[in-house]
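Each chain gets a letter, A, B and so on, in the order the sequences are listed, and its residues count up from 1.
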2 protein chains.
Amino acid sequence: MSSEVRGARRGVKGHPKSGPSIGDVARLAGVSAQTVSRVSTGSEPVKAETRDRVLDAMRQLGYAPNLAARALRRGNFRSIGLIAHQVIRTGESKTIEAVIEAARREGYSVSLVDVESPSSSDVSEAVQHLSHQAIDGLIIIRAETATPAALSLPPTLPVAVSDSRFIGHHPAVGADQVGGSRAAVQHLLDLGHATVHHIAGPADSGPADLRATAWRQTLVDAGREVPEPFGGDWSADAGYAIGSEIAQRDDVTAVFAANDEMAAGLIHALHEAGRRVPDDVSVVGFDDVDLARHLWPPLTTVRQEFHQIGHDLVEVIMRQLGGREQLTGYHGTVAAPLIVRQSTAAPRKRRRTRR
Amino acid sequence: MSSEVRGARRGVKGHPKSGPSIGDVARLAGVSAQTVSRVSTGSEPVKAETRDRVLDAMRQLGYAPNLAARALRRGNFRSIGLIAHQVIRTGESKTIEAVIEAARREGYSVSLVDVESPSSSDVSEAVQHLSHQAIDGLIIIRAETATPAALSLPPTLPVAVSDSRFIGHHPAVGADQVGGSRAAVQHLLDLGHATVHHIAGPADSGPADLRATAWRQTLVDAGREVPEPFGGDWSADAGYAIGSEIAQRDDVTAVFAANDEMAAGLIHALHEAGRRVPDDVSVVGFDDVDLARHLWPPLTTVRQEFHQIGHDLVEVIMRQLGGREQLTGYHGTVAAPLIVRQSTAAPRKRRRTRR
DNA sequence: GGGGAGAATGTTTACGTAAACAGAATGAGC
DNA sequence: GCTCATTCTGTTTACGTAAACATTCTCCCC
């Protein structure tokens, strides 16, 4: 009877509820706990008959290994932390998807933290929160304003970052922002536009800065006038607002938007004002979100291989986890090709007067 | 010397590496481990001077509590599992974002599993994987083809589902698919369209089925002809392909697409074929993704309050976790209002001949 | 100053698992 | 049949933490 009492008392006295333990299974199967463990992990051979008996007992009791105990014993959690700024942004969610998939393939689960506002303290807090969580590695998709120094990660925690600012501090994987941006601007220049305007991302964003700088540099290199960039915040609404302004000007014939959403908002505003795309204004985006090809007109844009990036991030973590490789200086770059669709064309010939 | 040796030997013999433990802190601070625990959890009062000494020691050693041990001792993980079908679909990622945010507010982290293909075995596997993970509750955003019976969840695990098929089996929270769909179809009928065509989601999807059924029923109720629905798969590409077909027919004046992406593809195809929206064909979507208002023309659609849903899902979990409430039959419904924009209008008067 | 309440701290124990070691069973070779 | 290698199984122990109980200390009151 004593065993039943023990079982029944579970959760009543002192310790919280929990399912059947390895010991309960062992008792029912008439073997030692260690043998149950061997069956459960498959680490060492067990005689077929014994194994069956144990498996039977497991099924009968609805046994599932207690992962807290297992993690405590093994010293790892088979879990990766993931910090992202806005899950919603299509690019990021693709990367996240890839991270989750790749992690699962390695037998790891992913613990996700979203940073609402990309303020430095927010990110730091998220890191604190997560790095004290039960994780074996940490992937930071976008750290935005946080600096590597401010993060104060546990020194032994494997980290992989998809943020250019962390290069040199943590292993990084990222799209070739500069190459993609230059290709976009050059494409517009090659079509015959005198210069290219830019709708930038938020001032405190690393990628936004890279794209803006590459845009400016390409114009300078080509000896073109560098107009004042428009300041956006990644949102389609911002693109729409800026587009309403641009629609009033007839000196803007080509715009490179720092992402597809702002490009979509821009095009919307131009349509509404009766300006034609690409006849009156050519537009290039950045990201190649799924809807980009179904906008009207289908959007010329720079594709980011988010899936590849997510996959590579996990690989970087796994390499640190496995071989204790020192990867601090590692920086993987994924190509960002220009996808030419129908939102770009040669400028129409017209009078050069301003207003 | 023995303590140094012990410290140095960490990770060499038998047990994996791990940071300083509560005992190391205790030794350095000259107190018992229990007192360190008290400081660390703040559960019981500790004299200010002692606390400072302990905190100092913690800082000095870079101590962070071992969450596996803590979870083992406490019997919970402060972590929620989340199963979603495609993270990428905008609606879902908004819900996920809300879940993460709400969970964090409760001090919980979120462990995410994505189900690549929504086959039954895939979902079951994901559930197995996750429910054996270190989680205290499980949220299933989209279970697709999996049936409640096939899931075989641990009976004690709190669950919340955003999938109509699980109503009655698990507590559920979902948008009012039927109400939203009926409003969309009725809106088109009210504009004067003779009937409304439908681009459905995949046949094995619950929400797709609900929307299709509501569409059909609304037509029947109005005494209208029910045309054969088009079969889509949620993707914009499918919408585009179907749109190319629809563009050839002049008997289609109004289309209700089961989501915004397919609506976008449809509009793209119509544009390309020279059919005007809404003059020739009115289009309504479902979801109200961020880009819907910036499509051309801005899309009339049914809004899903994903954020609300995500928040409510967490609340349902918390209620089970807290009061041991029995919520099996619970079903929260979130309104899905029709947002009228410019992709719908009265049909133009024209000849009734077919082809 | 003795007694006692309450606060502060220490000691013991258990959570469920798996590594390390130890012992038993089996079978092969002579 | 006996030794030895091999395979299988059992026993002991430790992972780091926190609940329960035990003890010490402090301070107040009579």
Note to self: Expressed as a whole number of angstroms, how long is the span from R78(A):CZ to dA18(C):P?
What the structure shows: 12 Å
Check: Separation of L72(A) atom CG from dC15(D) atom C1', in whole Å?
Finding: 4 Å
Note to self: Are the side chains of L321(A) and Y108(A) in contact, using a 4.5 Å heavy-atom criterion?
What the structure shows: yes
Item checked: Donor-acceptor under 3.5 Å (S162(B) side chain, V173(B) main chain) -> yes
Notebook entry, point to check: Roughly how many Å is it from CG in N76(B) to C1' in dA19(D), rounded to a whole number?
Noted result: 14 Å
Check: Would you say a side-chain N or O of R70(B) is under 4.0 Å from OP1 or OP2 of dA18(D)?
Finding: yes
Checklist line | Out of dG16(D), dA18(C), dA20(D), whichever nucleotide has its closest atom nearest the side chain of Q34(A) | finding: dA18(C)
Note to self: Any non-hydrogen side-chain atom of V31(B) less than 4.5 Å from a side-chain atom of V54(B)?
What the structure shows: yes
Margin query: For the backbone of I135(A) and the side chain of S79(A), can you confirm whether one donor and one acceptor N or O come within less than 3.5 Å of each other?
Written below: no
Checklist line | Nucleotide dA19(C), atom P - distance to CZ of R38(A) in whole Å | finding: 10 Å
Item checked: Atom-pair distance (CG on N66(B); C1' on dC15(C)), nearest Å -> 13 Å
Notebook entry, point to check: Quick one, which residues of residues 39-53 of chain A touch DNA chain D with a heavy atom under 4.0 Å?
Noted result: P45(A), V46(A), K47(A), T50(A)
Check: Where the side chain of T35(B) is concerned, which of dT9(C), dT17(D), dG16(C) is the nearest nucleotide?
Finding: dT9(C)
Margin query: I'd like to know if the side chain of R51(B) reaches the main chain of V46(B), judged simply by a donor and an acceptor atom lying under 3.5 Å from each other, with no hydrogens or angles considered.
Written below: yes
Note to self: Checking side chain to side chain contact (heavy atoms under 4.5 Å, CB included) between V314(B) and each of I100(B), V110(B), V99(B), which is the one that passes?
What the structure shows: V99(B)
Next item on the list: Write down the distance between CD1 (I22(B)) and C1' (dA14(C)), rounded to a whole number of angstrom.
Entry: 15 Å
Notebook entry, point to check: Would you say the side chains of S40(A) and R70(A) form a donor-acceptor pair under 3.5 Å?
Noted result: yes
Item checked: Whether Q320(A) side chain and V316(A) backbone form a donor-acceptor pair below 3.5 Å -> yes
Item checked: Carboxylate-amine/guanidinium proximity below 4.0 Å for R53(A) and D56(A) -> no
Next item on the list: Check whether any side-chain nitrogen or oxygen of S37(A) sits under 4.0 Å from OP1 or OP2 of dA19(C), and answer yes or no.
Entry: no
Enumerate the protein-to-nucleotides 4-6 of chain C contacts in which both atoms are nitrogen or oxygen and the separation is below 3.5 Å.
none

Next item on the list: Take atom OH of Y63(A) and atom P of dG16(C), then tell me their distance rounded to the nearest Å.
Entry: 10 Å
Notebook entry, point to check: Side chain of S32(A): nearest nucleotide among dT17(D), dT9(C), dG10(D)?
Noted result: dG10(D)
Check: Starting at CE of M58(A) and ending at C1' of dT17(C), how long is that distance when rounded to a whole Å?
Finding: 12 Å
